[in-house]
Amino acid sequence: MSYKGRFQVWRGDADGGELAYYEVEVNDGEVVLDVLHRLQATQAPDLAVRWNCKAGKCGSCSAEINGRPRLLCMTRMSVLNPEEVVIVTPMRTFPVIRDLVTDVSFNYEKAREIPSFTPPADLEPGEYRMAQEDVSRSQEFRKCIECFLCQDTCHVVRDHDDHKQSYAGPRFLMRIAELEMHPLDVADRVPAAQDEHGLGLCNITKCCTDVCPEGIKITDNALIPMKERVADRKYDPLVWLGRTITRRRG
Ligand code: SF4
Ligand code: F3S
Ligand code: FES
């Protein structure tokens, strides 16, 4: 079965733009990206849309559909009401380059600020040993496809551009948590998470978890455990005493 879908697609660039109305054929089994490709082929050859895999694995086709951050290639037309106009807009948190394509370099800058995996100096590659439980725990975070939908939806930067300097966002706070939980990582990640990467600004609204196409439990499994580590460090009297003694001995 096919029908004539009604769409409003944001067209413009860094200087401004507006929603453009299109009617495009929609067929059974199609995803939003299929329809945008048909739109390019038939009516708007200059429509800019970023994509690579069309399989939910490259994280390139992130945009907003009816205001919700989603992958264009993994959103089936069948989940949208055919009676209603479908509104497709670029990710709101990042600057627009053109049409549906945004400049996501904010995320690469944040990635660069996090020191990489730091194993003990006396271990050679090949000597790393860790329990399966620890491997499984970080495995969940490794499923991240870096679509940045969680970064787009988190209100800390979505509604407050001025927080971008001091806030790494859920994807990169999760990266810090992954390294902090790694039994062979010897770097102390807790103070920087709070002081440099803005963990305290996250008020666990879980919107990041809700939009993650990989189903990663970002809030429950990464952000809350990190917050607990910060609180333990700050308020647990035994931890405080232990640190003080160690410092004095050092
Ligand atoms: Fe995308 Fe999920 Fe990774 Fe965030 S954590 S960048 S939503 S895959
Ligand atoms: Fe933002 Fe997720 Fe925290 S949406 S506020 S990082 S729980
Ligand atoms: Fe790769 Fe959508 S095109 S995730």
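Counting starts at 1 for both ligands and their atoms, in listed order.
- Separation of atoms CG (L179) and CZ (R175) is listed at 4.0 Å; rounding is to 0.5 Å.
- Between D152 and the options R70, R92, R68, R158, a salt bridge (Lys or Arg N to Asp or Glu O under 4.0 Å) holds for only R158.
- Taking atom 3 (S) of ligand 3 as the reference point, the nearest protein heavy-atom neighbour is K54 N, 3.1 Å.
- Protein heavy atom at the shortest distance from atom 6 (S) of ligand 2 is Y167 OH, 3.3 Å.
- In terms of protein heavy atoms, atom 4 (S) of ligand 3 is closest to G59 N, 3.3 Å.
- Contacts classified as ring-ring contact (aromatic ring centres under 6.0 Å, His included) and involving residues 160-200 (residues at least two apart or in different chains) are given here: F117-H182, H160-H163.
- In terms of heavy atoms, L72 sits closest to V49 at CD1-CG2, 3.6 Å.
- For atom 4 (Fe) of ligand 1, the set of protein N/O/S atoms nearer than 2.8 Å consists of C150 SG, ordered by chain and number.
- Using a 4.0 Å cut-off to heavy atoms of C58, the atoms of ligand 3 that qualify are 1 (Fe), 3 (S), 4 (S).
- Of all protein heavy atoms, the one closest to atom 2 (Fe) of ligand 2 is C208 SG, 2.3 Å.
- Minimum interatomic distance between E83 and R6 (heavy atoms only, all atoms of both residues): O-NH2, 2.5 Å.
- Here is the list of ligand 3 atoms found below 4.0 Å of a heavy atom in K57: 4 (S).
- Remark: ligand 1 atoms within the under-4.0 Å shell around heavy atoms of P213 are 7 (S).
- The residue from A63, C61, A55 that puts a heavy atom closest to atom 2 (Fe) of ligand 3 is C61.
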